[in-house]
Structures are given as structure tokens and as C-alpha cells.
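To start, the structure itself, in C-alpha cells.
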Amino acid sequence: MKKAFGPLAALVGVMFVAAPFVVANAPYESTMGLVQKIFYFHVPSWFAMFTAIGICGVASLYHLFKNSPKADRLAEAAGELAVLFGLMGLVTGPLWGRKSWGVWWQWDAKLTIALLLEMTFISGILVRKYGGPGSDKLAAAVGIFGLAVTPFVYEAVNIWRTIHPLTSVVPTLSAAMAGPFWFCVSAFMLLLVVLLTLRVNLGARQAALDELYLAQED
Amino acid sequence: MFFRTAWLVLRKDIAIEAKSFEVLTTTLFFAVACVLIFAFAFVKEGRPVEDAAAGILWIAIAFSGTLALGRTFERERYGETLRALLLAPAPRAALYVGKLLGMLALLAIAEALLAPMVALMFQAALFSRPLLLVGLLAGGTLGFCAVGTLFAAMLVRARSRDVLLPILLYPIIIPVIIAGVRGTAALLSTPPDDATAIMWLGILGAFDTVFLTLSLWTFEPLMTE
């Protein structure tokens, strides 16, 4: 993993430099025109958030039942990244909505639950910061419940007919749009992997440092 | 064994509460105060804002429920009695169920007071479909208490637990509150929209199942130090 990290980080850098050009070359959507291009960053950021939530939830479960500090660090990193990518989705979403729906925000099922998920994972960060000793277990509980609510978000648009486009739109993209879309998705996923690795390593170093301090005091 | 333990925990909580009525009276008073504040905010020139009643009812339940959760477990923390309970050779999930039943009973009393009060003050026809209303209240309260009891129990040994309880609890249980509010609002429309209320009742049931299963499953490892 260590050897692969440098090239991987470089690849992500190149992909994000190339992404605007790829997106610019994609065809215009028939009804929304230029505005629809935000889709290439909006949807991948949610993909990345859901992946981060999945990693956080599974790692939290593992930590809770097996008491593994390693899994805890992974859950912490993934929880923070879920907030980061969620924030990207919550910024790009209203920008798109303002142009195509005429309003910045709409209280419909998908938007509401997405906002709640974001808040859930922010609360996970807060409990780690202010919960004192033992807060890793508390944050694990938040991660697990966050993961449990996620399917409702994904299904929300399909169950409740809302203003938000259906999730089934992705497989029906025309080839000219699907190419740039999956390019952006892979860029976001790789970015997630790179950031996750960085954050887990940082956590591991912090833990090692804490251990050294404790050894020094003894 | 399981249900006997749960029943013993519940009976213990009722016995303690019956001595002072501390949590019950403070919770009820707080709930009434909550509704009064909303009454001043949402009743203009004698006419309540449309659809406000359902939201007010559920906000009062959620706020007073949070207060009661905090108080109940603060009492356990004071005497270090939660640790004693956890040391007992009994299934941990049974302790959770006992605590949960206590919270449900407390909130049921609060709701029995709140629902008529909201109906009266906001001229809301809450009782046009009594069975559906009871179903919505029961479903919503179960979802709220299932997560609330777990989080309040695990926060007992955390720092700044008073602040953290609502911070952790609300984002997760807001879907339950939304389902409760929308379902109750459907009952308040004229004529009452039974189909919509039943749909929200089903969603509440789904949330309750998920939350209760997760809580029963994670209570044991969460309470292990």
C-alpha cells in the first residue's frame, strides 16, 4: 500500500485536473442545458459519501464487537470523510436546484434525509471530540445507526414521489454522458481512498505517539 | 429469565419514581410549558396556524422525552447503580428492555396529557380517529425511546452527556418524528386522510423494527467498559 500511495495520489491529481475538460466535452442535456453539468460532481460526491458511510458503519460494528483500535481509526477517518463528501453534495445540490427548480432548497424526502445523515456524522465527530474517554464506542454506535438509516435515503426517492430525480437515471445515461460520469465517479472514489489512507495513517501516528507518552510517564 | 429481569428493572424504576414522582412531575410540567410557548407563537387572534398542532404535539413529546431520558439515567449515575445492574448475572438486553419499558410508560402518561391539551388549545380534531392516533403515538414513541434509551445509557459515562444526548439522538430519530408529524397531520385534515396516516404508520413500524433490533444487538458491547 505504501508504494502504491504516491502514484495513486498523483493519479487522483491528474484526474481532477482533467475532470473539468472531460465534463466540458460532454453533450448538453436536452432540457437543463449547461446547469446539468454539475451532475458530474454532485452525484459522485454522494457516491463517495455513501461509500464512506458503508466503511464507517462496518468498521464501527467490527470495533464494537471485536474491540479493534485499527477498525476504530478506520471508522473515525471514514466518518470524517462522509461529512466532507456530504458537504460537497449539499453545496452542489442547492446550486443545481436553484437553476432547475428555482429554489435553493426543497423539503422533500431525499434532501431532508441526506441533511440528517450529514448531521448524524457531524454528531459522530462531536462525540469523539467532547465525549471524553470511551467516546470511541459512542461514535461507533452513531456510525452503525447512520449506516442503518442510509438505505432509507437511497430508497426515499423511489418510495415517495419527490422533486428529486430518480436513482434509476444513472443506468439510462447515454454513452456520451456515461463516460464522463463514470470518470468523475472513479476520480471521487480514488480521492476517497487517498484521503482515507492519509487520515488512517495520521490516526495511527497519533496513537503511537500517545503510547510513547504513556511509556515515558511510567 | 429475560422477561423476569426486564420486569424487575421496570418495577425497580417504578418503585423509585413512586417515592418522589420527580421525573414524572418535571417531565409533565416541561411538556405543558413547551405547548404553552408554542401556543403563544402559533395562535394569532384566536386562530391557530394551520397544521401547527401535529408538529407541536411531537416537538413537545421529543423535548420532554429527552429531558426524561437524561433525568432517569442521571439518577442511575448518581448512585453508581447502573454499574451494579450491569454486574448482575442477567442478560444485558433484558436491562435495556426494562429501562425502555419504563421510558415508554412515562411518555405514555405524558402523551395522555399532551394530546388532549393540544387538541383543546389548537382546536385540532385529534380524536376523530382515536385508534390511528394511538397507533401513531405508540409507533413514534417506541422509535424515539428505543434509540433514546440506548444512547442515554451509553452516555452515562461520557463527559458533557447533557449536551451530547440531544446532539446524537435528534439527527437519528428525526425521521421517526417526521413520520409521526406527517401521519398526525393527515388525521387533522378534513376529512381525515386515513390512507396517508396508515402509510406513515407503516413507515414508523419499519423504523421501529430497525432501531429496536439494532439497539438490542448493540446494547451489550456498548455498555462494556
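Below, chain A is the first sequence line, B the second, and so on; all start at residue 1. Side chains included, hydrogens not; waters and symmetry mates left out as well; all remaining heavy atoms used.
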- Determine which residues belonging to residues 211-220 of chain B lie within contact range of chain A, meaning some heavy atom pair is under 4.5 Å apart, and list them by number or answer 'none'. Phe211(B), Leu214(B), Ser215(B), Trp217(B), Thr218(B)

- What do you reckon, is NZ of Lys12(B) surrounded by more than 12 foreign heavy atoms closer than 6.0 Å? yes

- Item | Neighbourhood of chain A inside residues 147-154 of chain B, taking heavy atoms under 4.5 Å as contact | Val147(B), Leu150(B), Phe151(B), Met154(B)

- Residue part contacting chain B, namely of Thr120(A), when any heavy atom lies under 4.5 Å: both

- Message: Can you confirm whether Tyr130(A) is buried at OH, in the sense that more than 12 heavy atoms of other residues, nucleotides or ligands lie under 6.0 Å from that atom?
- Response: no

- Item | Exceeds 12 heavy-atom contacts within 6.0 angstrom, atom CZ of Arg161(B) | yes

- Message: Just verifying a value: how many Å separate Leu222(B) CG and Leu64(A) CG, rounded to the nearest 0.5 Å?
- Response: 4.5 Å

- Looking only at heavy atoms, which two atoms of Pro221(B) and Lys137(A) are closest? And how far apart? O-NZ, 4.3 Å

- Non-hydrogen atoms of chain B under 4.5 Å away: do they reach the side chain of Leu115(A), the backbone, both or neither? neither

- Message: Take a 6.0 Å sphere around CG of Leu209(A) and say whether it holds more than 12 heavy atoms from other residues, nucleotides or ligands.
- Response: yes

- Message: Would you say OH of Tyr62(A) has more than 12 non-hydrogen atoms from neighbouring residues, nucleotides or ligands within 6.0 angstrom?
- Response: no

- So, for Ala158(B) and Leu138(A), which heavy atoms are closest and what is the spacing to 0.1 Å? CB-CD1, 3.6 Å

- Note on the structure: Which of Leu169(B), Ile167(B), Leu164(B) passes side-chain contact (heavy atoms from CB on, under 4.5 Å) with Ser123(A)? It is Ile167(B)

- Query: Closest approach of Arg159(B) and Gly132(A), non-hydrogen atoms and distance?
  - Reply: NH2-CA, 3.4 Å

- Message: Between Ile174(B), Ile178(B), Val210(B), who has the most heavy-atom pairs with chain A when the cutoff is under 4.5 Å?
- Response: Ile174(B)

